[in-house]
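Beneath this line is the structure, given in structure tokens, with notes to follow.
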Number of protein chains: 2
Amino acid sequence: MEFTEAKDKFIQTWGTLATQWGINRSMAQLHALLLISPEPMTTEDVMEQLQISRGNASMNLRDLMDWGLIYKQLKAGERKEFYVAEKDIWKVARQVAKERRRREITPVVEVLNDLKAIDATTPEAQEFKRVMEGLSSVVGFADNTLNAVIRAEENWLMSQFLKVFR
Amino acid sequence: MEFTEAKDKFIQTWGTLATQWGINRSMAQLHALLLISPEPMTTEDVMEQLQISRGNASMNLRDLMDWGLIYKQLKAGERKEFYVAEKDIWKVARQVAKERRRREITPVVEVLNDLKAIDATTPEAQEFKRVMEGLSSVVGFADNTLNAVIRAEENWLMSQFLKVFR
DNA sequence: GTTTATTTTCAATTATTTTTGAAACTATAA
DNA sequence: TTATAGTTTCAAAAATAATTGAAAATAAAC
């Protein structure tokens, strides 16, 4: 396969995968592009490569910074801002795990805790409580797993352990 | 909190969470509703409870069956079809892990394998290859983790182990 | 066979999300 | 200070995804 073709396919594939996981395509494609770029890129660069507008680029670059996946870089004598992706791919994974946990899991854990506190008089309420308790444990498991990823660096053991389940 | 209120809050919360993970709201809400219902429900029942159309109900109930999260049930003497959710919450989790793996992870693994096979002549191509290899290992890790969940039943050890990282 | 109850399909509509682009803003340089 | 280069914002437009509803299909009952 041609390099240019491979690059396009990667950016495309990454964008599609992201969409299925609730992340918008431009954001994923920007990330993909910066990941494989050996050089820092300007807003102009990414706009041209992905054929997207300035506004779109600006907003999604900012979101990527909020997620801790890319950084702004200044070059001496240059007025423009350059962007570089975090290249340590495990750090990227940890960062994604961290953010999704914070934004999505934690709030749900709280709601579930509230919900399992109702008093179960009717059969419906009993069933409800049972389901809430079950979900709590599953969500708790997901939470632990994400934490395991987040702390994988400190826990060499973890990654070794998971290999067992190949 | 009132039971009816709790029920609504749960269905609402579940729908929102699902949206953030790329699953449509109706499907998630249908699932939530059936999960907490002690009795099998007809299409009419769910339409009324969630205030959605027949078409919407029909399509999403079918999707939920494709995901292996709910079952059709026939009642003697009744012409209508009844739906029940899989109530074993760990089975639900395994099923979701299984399906997402099959639909999303596996195809990406294949693409990445293709992409890391290009020959790296230019610095760009070298960087590209490096990133593809890194991503392969991360996606491989995700794959292993999902597999661990899928086989959790057989692997009591797994769940115990993850508790360490609480 | 026909009638009737129920489910499914899918084109059209509606809702939601994403993207655009130009104006407003910021900061550096002259 | 004013001009200039670059960035951000956000209302409007476009694209995408979800939902409706009525017609078609299916299947049980007669």
Side-chain angles (χ1 to χ4, degrees), chain A residues 11-34 40-67 70-84 100 103-104, chain B residues 11-34 40-67 70-84 100 103-104:
Chain A
I11 291 171
Q12 175 59 42
T13 303
W14 216 240
T16 304
L17 182 68
T19 299
Q20 293 171 317
W21 287 84
I23 289 156
N24 92 48
R25 212 178 62 238
S26 294
M27 183 168 156
Q29 291 187 341
L30 280 166
H31 187 223
L33 180 61
L34 289 170
M41 297 181 84
T42 65
T43 305
E44 293 287 344
D45 293 338
V46 298
M47 281 168 61
E48 194 190 350
Q49 290 254 350
L50 299 179
Q51 291 293 305
I52 60 174
S53 71
R54 187 174 301 282
N56 192 0
S58 172
M59 289 171 98
N60 282 301
L61 287 169
R62 176 220 271 267
D63 284 350
L64 284 167
M65 288 197 294
D66 290 347
W67 276 76
I70 67 172
Y71 313 110
K72 255 185 195 167
Q73 206 172 66
L74 298 176
K75 276 193 186 175
E78 291 264 26
R79 196 144 148 189
K80 276 181 283 195
E81 292 169 332
F82 291 75
Y83 296 93
V84 277
R100 292 209 86 142
R103 294 167 197 232
E104 292 146 18
Chain B
I11 291 172
Q12 174 59 42
T13 303
W14 216 241
T16 305
L17 182 68
T19 298
Q20 293 170 320
W21 287 85
I23 289 157
N24 92 48
R25 212 176 65 238
S26 294
M27 183 169 156
Q29 290 188 341
L30 280 167
H31 187 223
L33 180 61
L34 289 170
M41 296 181 84
T42 64
T43 306
E44 294 287 344
D45 293 338
V46 298
M47 283 169 61
E48 193 190 352
Q49 288 254 350
L50 300 179
Q51 290 290 307
I52 60 174
S53 72
R54 187 174 300 283
N56 191 2
S58 172
M59 290 170 97
N60 282 301
L61 286 169
R62 177 219 271 268
D63 283 350
L64 284 168
M65 287 198 295
D66 291 347
W67 278 76
I70 66 171
Y71 313 109
K72 255 186 195 167
Q73 207 174 67
L74 298 175
K75 276 195 186 174
E78 290 263 25
R79 195 145 149 189
K80 277 181 280 193
E81 292 169 332
F82 291 75
Y83 295 94
V84 276
R100 292 209 87 141
R103 295 167 196 232
E104 292 145 17

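Chain identifiers are assigned alphabetically (A, B, ...) following the order of the sequence lines, protein sequences preceding nucleic acid strands; residue numbering begins at 1 within each chain. A quick note: this is a predicted structure, and the numbers were derived from the prediction, not measured.
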**Message:** Strictly by side-chain hydrogen bond (donor to acceptor under 3.5 Å, both in side chains), give each pair with a member in residues 56-66 of chain A just once, sequence neighbours left out.
**Reply:** A/Asn24-A/Asn60, A/Ser26-A/Asn56, A/Asn56-A/Asn60
**Rounded interatomic separation in angstrom, taking NZ from A/Lys80 and P from D/dT8** = 14 Å
**Request:** Take the protein atom NZ of A/Lys72 and the nucleotide atom P of D/dG6, then report the distance between them rounded to whole Å.
**Result:** 14 Å
**Prompt:** When every nucleotide of nucleotides 25-30 of chain D is labelled 5' to 3' by its protein contacts under 4.0 Å (heavy atoms), B for base, S for sugar-phosphate only, - for none, what sequence of letters results?
**Reply:** --BBS-
**Message:** Here's a test for you: under side-chain contact (heavy atoms from CB on, under 4.5 Å), which of A/Lys72, A/Gln73, A/Glu81 qualifies with A/Pro40?
**Reply:** A/Gln73
**Message:** Could you tell me the boundaries of the chain B footprint on DNA chain C, defined by atoms under 4.0 Å from its heavy atoms?
**Reply:** C/dT4 to C/dC10
**Request:** Specify the separation, in whole Å, of atom CZ of B/Arg62 and atom P of D/dT19.
**Result:** 17 Å
**Message:** If the condition is salt bridge (charged side-chain N to carboxylate O under 4.0 Å, His left out), which residues does A/Glu78 pass it with, not counting sequence neighbours?
**Reply:** none
**Fill in**
Applying side chain to side chain contact (heavy atoms under 4.5 Å, CB included) to A/Ala28 and not counting sequence neighbours gives A/Ala18
**Complete:** Those residues at least two apart in sequence (or on a different chain) that pass salt bridge (charged side-chain N to carboxylate O under 4.0 Å, His left out) with A/Arg103 are A/Glu99
**Prompt:** Rounded to the nearest Å, what distance is computed from the CG atom of residue A/Leu64 to the P atom of nucleotide D/dT8?
**Reply:** 13 Å
**Message:** Give the residues of residues 47-59 of chain A touching DNA chain C, defined as any heavy atom closer than 4.0 Å, sorted by residue number.
**Reply:** A/Gln51, A/Ile52, A/Ser53, A/Gly55, A/Asn56
**Complete:** residues 40-57 of chain A vs salt bridge (charged side-chain N to carboxylate O under 4.0 Å, His left out), sequence neighbours excluded, gives A/Glu44-A/Arg54
**Request:** Validate the cation-pi geometry between A/Arg100 and A/Trp21: distance from NZ or CZ to the six-membered ring centre under 6.0 Å, angle to the ring axis within 45°.
**Result:** no
**Message:** Run the salt bridge (charged side-chain N to carboxylate O under 4.0 Å, His left out) test against B/Lys75 and tell me which residues pass, sequence neighbours left out.
**Reply:** none
**Request:** Hey, which sits more toward the 5' end of DNA chain D by its nearest nucleotide, A/Thr43 or A/Arg25?
**Result:** A/Thr43
**Complete:** Hits for side chain to side chain donor-acceptor pair (under 3.5 Å) against A/Lys80, two or more places apart or cross-chain, chain-then-number order -> none
**Request:** Just jot down the salt bridge (charged side-chain N to carboxylate O under 4.0 Å, His left out) partners of A/Arg25, sequence neighbours excluded, or say none.
**Result:** none
**Item:** Listed partners of A/Thr19 passing side chain to side chain donor-acceptor pair (under 3.5 Å), at least two apart
**Value:** none
**Prompt:** Using a cut-off of less than 4.0 Å, is there contact between a side-chain N or O of B/Ser26 and OP1 or OP2 of D/dT19?
**Reply:** yes
